[in-house]
Amino acid sequence: MGADQHIDWHEAAASTLEWWRDAGVDVLVEDDPRDWFAAPLPAATPAAVAATALAAPDLPPDTLDAFLAWRGGDNAPEAAWNAAVVPLAIAPGVPLLIVTDLPEESDTPESGWMTGPVGALLDRMLTAIGQSRESVAIAGVALARPLSGRIPLNALDTLDDLTRRLVTLAQPQQLLLFGREACHAVLGPDGRRGGLRDLNHGGISCPTVATLHPRFLLDRPQYKGEVWRDLQLLIRETDT
């Protein structure tokens, strides 16, 4: 090719692209070499996909002691919240299990559940129904308190499932649910405050009352009469 011969590279490139198009080439070549004569990889079978899906999560244990340890560990949902976890202390067959939504601002791993003004009101409520801190156990739907002071919406379904499993493993003699989130976690989205219900879940039968949270009563003391009527349902059930 002579040095004085001029080549129009734009025209040459366009001609090459046109040739590739006519030849049926419609994708770029890969960066990595491929063995075009190799046998195709077998498609994943449904069983293999199911086995992979089941092996991924760390499922919670089926005994109460192991479950309580798991709930406060690194695999629980709250572990990623960057907030202190308030542990649970629940004996099997506890006379009364109280379920709240999440720890109070004053609750710590050392102080335990429902401290501060909310705890002082709770103590008076327990005394009124013949109970005390020593005779009850307290659990939260969430075991840590995010900075927002509310349970993240994307965690509610998982935490509700874990709350129901806790109730099943603990097998309390009675259940007292404080607030909407605790009520929905245990009784489902259609659960409502008031009335004595017989919770049948996971092979247990447990008298259950859902009522307003003591936190709510501190701001609206005019509702204490309604809560007292709810608590009396537990007293009458105990006496029968």
Side-chain angles (χ1 to χ4, degrees), residues 59-72 76-77 86-103 112-114 122-143 151 155-217 223 225-240:
L59 299 177
D62 288 327
T63 63
L64 180 59
D65 288 343
F67 179 85
L68 295 179
W70 182 91
R71 280 297 280 119
V86 181
L88 301 175
I90 303 173
V94 61
L96 177 63
L97 175 61
I98 298 172
V99 181
T100 181
D101 49 1
L102 76 176
W113 288 87
M114 300 188 75
L122 171 64
D123 289 339
R124 295 197 294 272
M125 294 167 65
L126 292 176
T127 300
I129 61 173
Q131 301 281 3
S132 67
R133 292 275 182 156
E134 290 71 30
S135 62
V136 307
I138 304 175
V141 175
L143 305 194
I151 301 175
L156 272 177
D157 287 345
T158 297
L159 293 174
D160 288 354
D161 289 341
L162 292 174
T163 302
R164 288 189 290 271
R165 175 173 283 210
L166 171 64
V167 170
T168 300
L169 294 175
Q171 298 189 6
Q173 297 176 31
Q174 290 183 324
L175 264 173
L176 178 58
L177 311 177
F178 280 146
R180 179 181 61 186
E181 288 175 351
C183 177
H184 288 183
V186 177
L187 300 178
D190 295 329
R192 295 290 184 270
R193 178 181 67 87
L196 181 68
R197 298 170 176 82
D198 192 22
L199 176 69
N200 290 281
H201 177 73
I204 69 168
S205 178
C206 181
T208 302
V209 169
T211 192
L212 297 170
H213 200 289
R215 193 188 306 128
F216 179 88
L217 297 180
Y223 287 94
E226 293 186 23
V227 174
W228 172 237
R229 286 192 291 272
D230 293 337
L231 294 177
Q232 285 181 307
L233 298 174
L234 290 176
I235 299 175
R236 288 198 292 268
E237 197 280 333
T238 302
D239 293 338
T240 57

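Remember, predicted model here, so these are calculated numbers, not experimental data.
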ask   = For the atom pair OG1 (Thr163) and CG (Leu143), what is the distance rounded to the nearest 0.5 Å?
value = 8.0 Å

message = So Pro172 and Val94, do their side chains get closer than 4.5 Å, heavy atoms only?
response = yes

note = CG (Leu233) and CG (Leu196) are apart, to the nearest 0.5 Å, by 5.5 Å

query = Roughly how far, to the nearest 0.5 Å, is the CD atom of Gln232 from the CZ atom of Arg229?
reply = 8.5 Å

request  = List in chain and number order the residues that pass side chain to side chain contact (heavy atoms under 4.5 Å, CB included) with Val86, two or more places apart in sequence or in another chain; answer none if no residue qualifies.
outcome  = Pro103, Asp107, Trp113

message = Which residues pass the salt bridge (Lys or Arg N to Asp or Glu O under 4.0 Å) test with Asp160, not counting sequence neighbours?
response = none

Stepwise side-chain contact (heavy atoms from CB on, under 4.5 Å) check, Arg71 with Arg165 = CA-CA 11 Å; Arg71 280 297 280 119; Arg165 175 173 283 210; over 6 Å; no

request  = Please examine the side chains of Leu64 and Leu166, heavy atoms only from C-beta on, and report whether any two atoms are closer than 4.5 Å.
outcome  = yes

remark   = Taken to the nearest 0.5 Å, the spacing of Ile90 CD1 from Asp65 CG works out to 10.5 Å

inquiry  = Within this structure, what is the CG-CZ distance for the pair Leu187 and Arg164, rounded to the nearest 0.5 Å?
reply    = 9.5 Å

key: Main-chain N/O of Arg192 paired with Arg197 side-chain donor or acceptor, under 3.5 Å   = yes

task = Among residues two or more places apart or on two chains, list those pairs meeting ring pair (Phe, Tyr, Trp, His ring centres under 6.0 Å) that have a residue in residues 163-186.
result = Phe178-His213

message = Counting C-beta onward and ignoring hydrogens, is there a side-chain heavy-atom pair between Leu122 and Arg133 closer than 4.5 Å?
response = yes

message = side-chain contact (heavy atoms from CB on, under 4.5 Å), that's the test. Do Val209 and Leu231 meet it? Break it down for me.
response = CA-CA 8 Å; Val209 169; Leu231 294 177; 5.8 Å; no

request  = Spell out, as yes or no, whether a donor-acceptor pair under 3.5 Å connects the side chain of Gln173 to the backbone of Gly93.
outcome  = yes

query = Can you name the side chain to side chain contact (heavy atoms under 4.5 Å, CB included) partners of Thr168, sequence neighbours left out?
reply = His201

task = Verify side-chain contact (heavy atoms from CB on, under 4.5 Å) between Leu159 and Glu181, making sure each step is shown before the conclusion.
result = CA-CA 10 Å; Leu159 293 174; Glu181 288 175 351; over 6 Å; no

message = Among Thr211, Leu97, Val136, which residue satisfies the side-chain contact (heavy atoms from CB on, under 4.5 Å) criterion with Leu176?
response = Thr211

key: Taking every non-hydrogen atom, the tightest pair across Pro214 and Met114   = CG-CE, 4.0 Å

message = With heavy-atom distances below 4.5 Å as the criterion, would you say the side chains of Ile129 and Leu96 are in contact?
response = yes

query = Of all residues at least two apart in sequence or in a different chain, which pass the side chain to side chain contact (heavy atoms under 4.5 Å, CB included) check with Asp198?
reply = Asn200, Ser205, Pro207

query = Which residues satisfy the side chain to side chain contact (heavy atoms under 4.5 Å, CB included) test with Thr158, sequence neighbours excluded?
reply = Pro77, Leu162

